[in-house]
Number of protein chains: 2
Amino acid sequence: MTDVVTEKPRRGRPPVSDEQRQQQRLEISRHAVRLFAEQGVANTSGEQIAQAAGVSERTFWRYFPHKEACVEPLLTKMVGAFCEVLRAWPAELELIDHLRAAYSPLLDGATDEDIEAVLEVVRLTQNEPALRAAYLTLRERAEHTLAEVLAGRTGLPQDAIEIRVQAAAVSAVLKVATDDVARSTSKGVTRDMLELHREQIADALRGLSRLR
Amino acid sequence: MTDVVTEKPRRGRPPVSDEQRQQQRLEISRHAVRLFAEQGVANTSGEQIAQAAGVSERTFWRYFPHKEACVEPLLTKMVGAFCEVLRAWPAELELIDHLRAAYSPLLDGATDEDIEAVLEVVRLTQNEPALRAAYLTLRERAEHTLAEVLAGRTGLPQDAIEIRVQAAAVSAVLKVATDDVARSTSKGVTRDMLELHREQIADALRGLSRLR
DNA sequence: CGATTAATGGCACTCTCTGCCACTAATTGA
DNA sequence: TCAATTAGTGGCAGAGAGTGCCATTAATCG
C-alpha cells in the first residue's frame, strides 16, 4: 500500500547535503563573478574559474551547466528573500503596506559583503547580455513561487491567467526597481538607498493601476 | 559646419539592404526552427542548420551570433506587431479599448503559415530553456519600445521608474497571454482562439489593478 | 575593362561542455 | 580491520560552438 517511502537500508557513502552543495556553488560563484567583473565574461574561461575556486575544471562543469549560471547562487539570494517576504504576507494587509512593514531588501540575513556582491552582479547583468539572459531566466522561475503565494491568497488555481499575470507583474516591478538601485549604488551603498528602493517598489506597484 | 552627412561618393559593391538581410535571417530561421522542433536544440548543430538553409556554416554564424538567436526573427514578428499597435494608441482611449479595437494578434500582415510558425516557436521556448532565455531577452528589448510609447503619452521621461514599470508590466501581460494561446493551439489554430487571446490580454490588464 | 567595396566560404584554432573511466572518500556490515 | 557499496573528483578525449584570417566571388562605378 504505502509505497511512499520504500525504506532502502542505506549503504555506502551518503550524498552531500543540499545545503553543502549550495554552499559550494556559492563559493565558486563568488570567484566567477569577481573574474567576470575584472575581465568580462567572454574573457573568463571555465578553466580560470575552476582554478580560482580550487577545483578541477571537470568538477566546475558539474556544478554549473554553463558559465553564465555562475551568477545564479548570488541572485537567488535576492530573489529568494523577496519571495520569503511575500510568503509572510498576511491576508488582511495591502501588499504595499506589507512590504513597507516587512521588506528590508537584502538587509537582514545577509552580510554587507553579500549585499555588495549581489548588487555588483545585477550591475554586471546590465552590461553582459549573456548574464542578463541567465538573470531573466532566474526571475521567471521565481514567478512560479510568486504565483503560488498569490494563488493561496485568492483561492484561484496557481496556473490561472490572472494569477500568472499578477505574478509576472510583481516580478517586473521588482526587476525594474532592482536594476535601478543597482545602478544608483555603483559608487557605494547606504541604508538610505535601500530604504528608497523599498519605497520605489511601493510606488511602482501603485503606478500599475494607472495603466487603465 | 553640417558634417551630419559627409557625402561619400559611393563606390564599389553596395551593402545589401536591411530588409534583404532580415529576409535572409528569417529564411534561415525557418529551417532552424523546424530542425529544433524535430530533434531538439541540443541535437541540432550549426552545420546542420547552415546546410538546410543552403549557406556555409561560416556565413550562418555571421547571421546569428549563437544558434538560440535563430528564434529571433520569428518572435520579433509577433512582439513587433504588438508594439506597432501600441504606437497607434490614441490619447483619448483606454488601453483596453484600444487593443480591442486595433489588435488582431498576428492576424493582419501575416500569413497563416507565419502564425503557425510563431506559435510553434513560442511552444518550443516552453520546453527548451536555451530558447526561453533568448525569448526573454527579446521581450526585454521590446520593453524599451513600450516605454517609449508610454513616455510619449504621459510626458514623463522614457527612463522614469513608473514608465519602465508599466512597460515591464504590459510586456508581462503579453507574455503570459501568449504562452497561454500557444499552449492552447498546439492542436491547431482557429480565429476564435486568437480572439480569445485578445480578450485575455484585456482581462489580464484589468487584473493588474486587483493587486492593490 | 580595372578599381573598389561587400559578401561568402574555407581553414585553423580556441573555448565550451560531455562521456567515460579510474581513483579517492565516506559509510555499513561482517 | 576489512571487504562491499555508493558518492564525489579529476583526467582525458572528443564533438560542437563560435571567431579571426584570408582567398574568392559578386556588384557597382567610371
Side-chain angles (χ1 to χ4, degrees), chain A residues 6-29 31-32 35-36 38-72 128-131 133-134 137, chain B residues 6-29 31-32 35-36 38-72 128-131 133-134 137:
Chain A
T6 19
E7 270 310 330
K8 286 175 199 161
R10 294 242 60 267
R11 302 174 48 185
R13 175 181 185 171
V16 297
S17 70
D18 226 40
E19 306 96 72
Q20 275 193 41
R21 188 176 170 78
Q22 297 312 318
Q23 200 56 43
Q24 173 76 306
R25 264 173 68 91
L26 183 59
E27 182 54 29
I28 297 176
S29 83
H31 292 282
L35 291 170
F36 287 166
E38 285 173 10
Q39 342 167 340
V41 175
N43 296 321
T44 304
S45 68
E47 190 184 3
Q48 246 176 93
I49 300 172
Q51 195 168 351
V55 297
S56 77
E57 191 182 346
R58 189 62 189 83
T59 298
F60 167 72
W61 289 121
R62 268 196 272 260
Y63 275 94
F64 297 95
H66 43 261
K67 65 180 180 184
E68 292 77 22
C70 289
V71 295
E72 284 181 10
E128 294 273 4
L131 299 188
T137 303
Chain B
T6 17
E7 271 311 330
K8 285 174 201 162
R10 294 245 58 267
R11 305 175 45 186
R13 177 182 182 171
V16 297
S17 71
D18 226 39
E19 307 96 72
Q20 272 194 44
R21 185 174 173 81
Q22 297 311 319
Q23 200 56 42
Q24 173 77 305
R25 264 174 68 92
L26 183 59
E27 182 54 28
I28 296 175
S29 83
H31 292 281
L35 291 170
F36 287 166
E38 285 173 11
Q39 343 169 341
V41 176
N43 297 320
T44 305
S45 68
E47 190 184 1
Q48 249 177 90
I49 300 172
Q51 194 168 352
V55 297
S56 77
E57 191 182 345
R58 188 65 189 85
T59 298
F60 167 71
W61 290 121
R62 269 196 272 259
Y63 275 93
F64 297 95
H66 43 262
K67 66 179 178 183
E68 293 78 24
C70 289
V71 295
E72 284 181 9
E128 294 274 4
L131 299 188
T137 302

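In what follows, chains are A, B, ... by sequence order, proteins preceding strands, each numbered from 1.
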- Query: Hey, does Y63(A) reach any base, or is it just sugar-phosphate, or nothing, if we go heavy atoms under 4.0 Å?
  - Reply: sugar-phosphate
- Item | Global bending angle along the helix from dC1(C)-dG30(D) to dA30(C)-dT1(D), which compares the axes of five pairs at either end, to 10 degrees | 10°
- Please evaluate the base of dA26(C) for a donor-acceptor partner in the side chain of R13(A) within a cut-off of under 3.5 Å? no
- Query: Picking from dG11(D), dC21(D), dC17(C), which would you name as closest to the side chain of R62(B)?
  - Reply: dC21(D)
- Say whether, by atom type as modelled, one donor and one acceptor occur between the side chain of R25(A) and the main chain of Y63(A) under 3.5 angstrom. yes
- Query: What is the distance, rounded to the nearest whole Å, between atom CD of Q20(B) and atom P of dT8(C)?
  - Reply: 10 Å
- V55(A) has a side chain; which of dG10(D), dC15(C), dG18(D) sits nearest to it? dG10(D)
- Message: Under a 3.5 Å threshold, yes or no: a donor from one side chain and an acceptor from the other, between Q48(B) and Q39(B)?
- Response: yes
- Message: Tell me the interatomic distance from N43(A), atom CG, to dG18(D), atom C1', rounded to whole angstroms.
- Response: 14 Å
- Query: Can you tell which of dG10(C), dC15(C), dG18(D) lies closest to the side chain of H66(B)?
  - Reply: dG18(D)
Side chains of residues 64-71 of chain A: which donor-acceptor partners sit under 3.5 Å, not counting sequence neighbours?
from	atom 1	to	atom 2	distance (Å)
K67(A)	NZ	V41(A)	O	3.0
K67(A)	NZ	T44(A)	O	2.6

- Atom pair distance, as rounded to whole Å: NZ in K67(A) and C1' in dT14(C): 11 Å
- Between T137(A) (side chain) and A133(A) (backbone), is there a donor-acceptor pair under 3.5 Å? yes
- Message: Rounded to whole Å, how long is the line connecting atom CH2 of W61(B) with atom C1' of dC13(C)?
- Response: 16 Å
- Message: Between P on dA7(C) and CD1 on I28(B), what's the gap in Å once rounded to a whole number?
- Response: 14 Å
- Given dG10(D), is OP1 or OP2 found less than 4.0 Å from the side-chain N or O atoms of T59(A)? yes
- Check if the side chain of R58(B) and the base of dG18(D) share a donor-acceptor pair of N or O atoms closer than 3.5 Å. no
- Query: In terms of side-chain heavy atoms of Q24(A), which of dC17(C), dG9(C), dT9(D) is nearest?
  - Reply: dT9(D)
- Task: Report the distance from atom CD of Q48(A) to atom P of dT16(C), rounded to the nearest whole Å.
- Result: 9 Å
- Looking for any heavy atom pair under 4.0 Å, which part of the strands does R11(A) touch: base, sugar-phosphate only, or nothing? sugar-phosphate
- F64(B) CZ to dG16(D) C1', in whole Å, measures 18 Å
- To the nearest Å, how far apart are E68(A) CD and dG18(D) P? 10 Å
